[in-house]
Amino acid sequence: MTDRFEPLPFSELEEKIGYTFRDKSYLVTALTHSSYANESHQKNGVCCNERLEFLGDSVLSFIVSSYIYGAFPALDEGRLTRIRASVVCENALCEFAREIGIGDYMQMGHGEIVTHGRERKSVIADAFEALLAAIYLDGGIECARTFLMPKILPALEKANRNGDDDYKSRLQKIVQQTPEELLEYVPVSEEGPPHNRVFTFRVLLNSNLLGEGTGRSKREAEQNAAREALVLLGEIDEKDPS
């Protein structure tokens, strides 16, 4: 990605994702960051993608939930929840967004572009959800499913293979090798509107900071903090999204 001020043609993204919009306004809105809408002062009906992102979060959860419910009939609610969390978290959505280069097609304000907004994880993860919602509104749930499933299947299969061995569990196993060590997760902040809260947690080892993570739930924030700690300890690679 670059700091270009003009996005790449939307038609190029349609070709890349294999879906052509009947109503192009859905696509335009999905790819419009709030910074662009704000700088445009809502001229000509310019709207940002935040409402679509809100809807996309639910569409994503429904498609993933319905798939894993049928694909893993022997798993209990807890395991299903953890598997779903592995592909609806910001890290996973960011990887999906990068695969299609969604940042290159986004309309952004000047300030957001020069501060590398096209590469920011939260920005492109939200845009991916907005794009999913746009496809759903334009073509229905089956079109949204067709777009999403090839991207999430490898991640779902990997999550099922890993079982309960999530980041917090992996970090805990390492710490337990030395019984006197104290591991704790500390809340740092809680921001955003009620429908789109963002939590930040730190993980401390004997009061020493190991990692910090954000997420749309407390659990996701703790998981991301644990992941950062595992990267610091050399247990996983920084580029590993799962």
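Computed over heavy atoms, backbone and side chain alike; hydrogens, waters and symmetry mates excluded.
Judged by the 6.0 Å and 45° rule, K218 forms no cation-pi pair with Y185.
Taking CD of Q223 as the reference point, atom CG of L230 lies at 9.5 Å (rounded to 0.5 Å). Atom CG in N206 sits 4.5 Å away from atom CD in E181 (nearest 0.5 Å). One finds the CZ atom of F199 at 10.5 Å from the CD atom of E220 (value rounded to the nearest 0.5 Å). Atoms CG and OG1, from L27 and T20 in turn, are 10.0 Å apart once rounded to the nearest 0.5 Å. Taking CZ from R227 and SG from C89, the interatomic distance works out to 9.0 Å, rounded to the nearest 0.5 Å. Annotation: the span from S25 atom OG to L137 atom CG amounts to 9.5 Å, rounded to 0.5 Å.
Between V203 and E184, the closest side-chain pair of non-hydrogen atoms is not below 4.5 Å. Two residues are said to be in side-chain contact when any heavy atoms from C-beta on lie closer than 4.5 Å; V186 and L204 meet this criterion. Considering only heavy atoms from C-beta on, F147 comes within 4.5 Å of L131 through its side chain. Proximity of L205 to L182: side-chain heavy atoms (C-beta onward) are nowhere separated by under 4.5 Å. Looking at V188 and T214, their side chains never come closer than 4.5 Å, going by heavy atoms from C-beta outward. Within the 4.5 Å cutoff, side-chain heavy atoms of L233 are placed close to those of L171. A 4.5 Å side-chain heavy-atom check between L75 and I83 finds at least one atom pair inside the cut-off. A heavy-atom distance below 4.5 Å is not found between the side chains of L93 and K121.
Annotation for A134 and A30: closest pair CB-CB, 4.0 Å, computed over non-hydrogen atoms. Nearest heavy atom pair, residue G139 against residue C143, reads O-SG, 3.5 Å. The two atoms that bring T29 and C47 nearest to each other are CG2-O, 4.0 Å, heavy atoms only. Listed here is the closest heavy atom pair of P154 and P150: CD-O, 3.5 Å. The nearest pair of heavy atoms linking A155 to S86 is O-OG, 4.4 Å. When all heavy atoms of F201 and A221 are compared, the closest pair comes out as CD1-CB, 3.8 Å.
Salt bridge annotation for K24-E14: present, with a cationic side-chain nitrogen under 4.0 angstrom from a carboxylate oxygen. We find that D57 and R216 are joined by a salt bridge, their nearest charged nitrogen and carboxylate oxygen being less than 4.0 Å apart. Classification of E95 and R98 as a salt-bridged pair holds, one side-chain N sitting under 4.0 Å from a carboxylate O.
The main-chain N or O of E212 is found under 3.5 Å from a side-chain atom of E228 such that the two form a donor-acceptor pair. Remark: side-chain polar atoms of N49 are not paired, donor with acceptor, to backbone N or O of A130 under 3.5 angstrom. Side-chain atoms of D76 come within 3.5 Å of backbone atoms of R79 as a donor-acceptor pair (strictly under, hydrogens ignored). A donor-acceptor pair is defined here as one N or O able to donate and one able to accept, closer than 3.5 Å; such a pair exists between the side chain of K16 and the backbone of I100. A distance-only check finds a donor-acceptor pair linking the side chain of S35 to the backbone of G109 [under 3.5 Å]. Listed for the R84 side chain is no donor-acceptor partner under 3.5 Å among the backbone atoms of L156. No donor-acceptor pair under 3.5 Å is formed between the side chain of S65 and the backbone N or O of F62. A donor-acceptor pair under 3.5 Å is formed between the side chain of R118 and the backbone N or O of M106.
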Using side chain to side chain contact (heavy atoms under 4.5 Å, CB included), reason through S217 and E222 one step at a time and then give a plain yes or no.
CA-CA 9 Å; S217 68; E222 290 176 347; over 6 Å; no
Please assess L148 against L132 for the test side chain to side chain contact (heavy atoms under 4.5 Å, CB included), listing each intermediate value before the final yes or no.
CA-CA 8 Å; L148 181 65; L132 178 64; 4.2 Å; yes
Would I135 and I17 count as a side chain to side chain contact (heavy atoms under 4.5 Å, CB included) if you check the C-alpha gap in whole Å, the side-chain angles of each, and the deciding distance to 0.1 Å?
CA-CA 11 Å; I135 294 173; I17 66 176; 4.2 Å; yes
Apply the test side chain to side chain contact (heavy atoms under 4.5 Å, CB included) to residues M108 and T32: give CA-CA distance (whole Å), side-chain angles for both, the deciding distance (0.1 Å), then the verdict.
CA-CA 7 Å; M108 291 183 172; T32 300; over 6 Å; no
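Taking the six-membered ring wherever Trp is involved, the centroid distance between the rings of Y136 and Y26 does not fall below 6.0 Å. In this structure, Y19 has its ring center closer than 6.0 angstrom to the ring center of F21.
Residues L153 and I63 are members of one and the same hydrophobic cluster, defined by side-chain heavy-atom contacts under 4.5 angstrom among Ile, Leu, Val, Met, Phe, Trp and Tyr. No path of Ile, Leu, Val, Met, Phe, Trp and Tyr side chains, each step under 4.5 Å between heavy atoms, connects M149 with Y69, placing them in separate hydrophobic clusters. Under a hydrophobic clustering in which Ile, Leu, Val, Met, Phe, Trp and Tyr are joined whenever their side-chain heavy atoms come within less than 4.5 Å, directly or via other members, F54 and L52 fall into different clusters. If you chain together hydrophobic residues whose side chains sit under 4.5 Å apart, V198 and F128 never meet in one group.
In E15, the CD atom is not crowded: 12 or fewer heavy atoms of neighbouring residues, nucleotides or ligands sit closer than 6.0 Å. Sparse packing is recorded around CD of E77, with 12 or fewer heavy atoms of other residues, nucleotides or ligands lying under 6.0 Å away.
When only modelled atom types and interatomic distance are considered, N224 and N91 share a side-chain donor-acceptor pair under 3.5 Å.
A perpendicular orientation is assigned to the rings of F72 and Y67, their planes being inclined by more than 60° (bins at 30° and 60°).
Applying side chain to side chain contact (heavy atoms under 4.5 Å, CB included) to Q107 and the options I113, L31, V28 leaves one that passes, V28.
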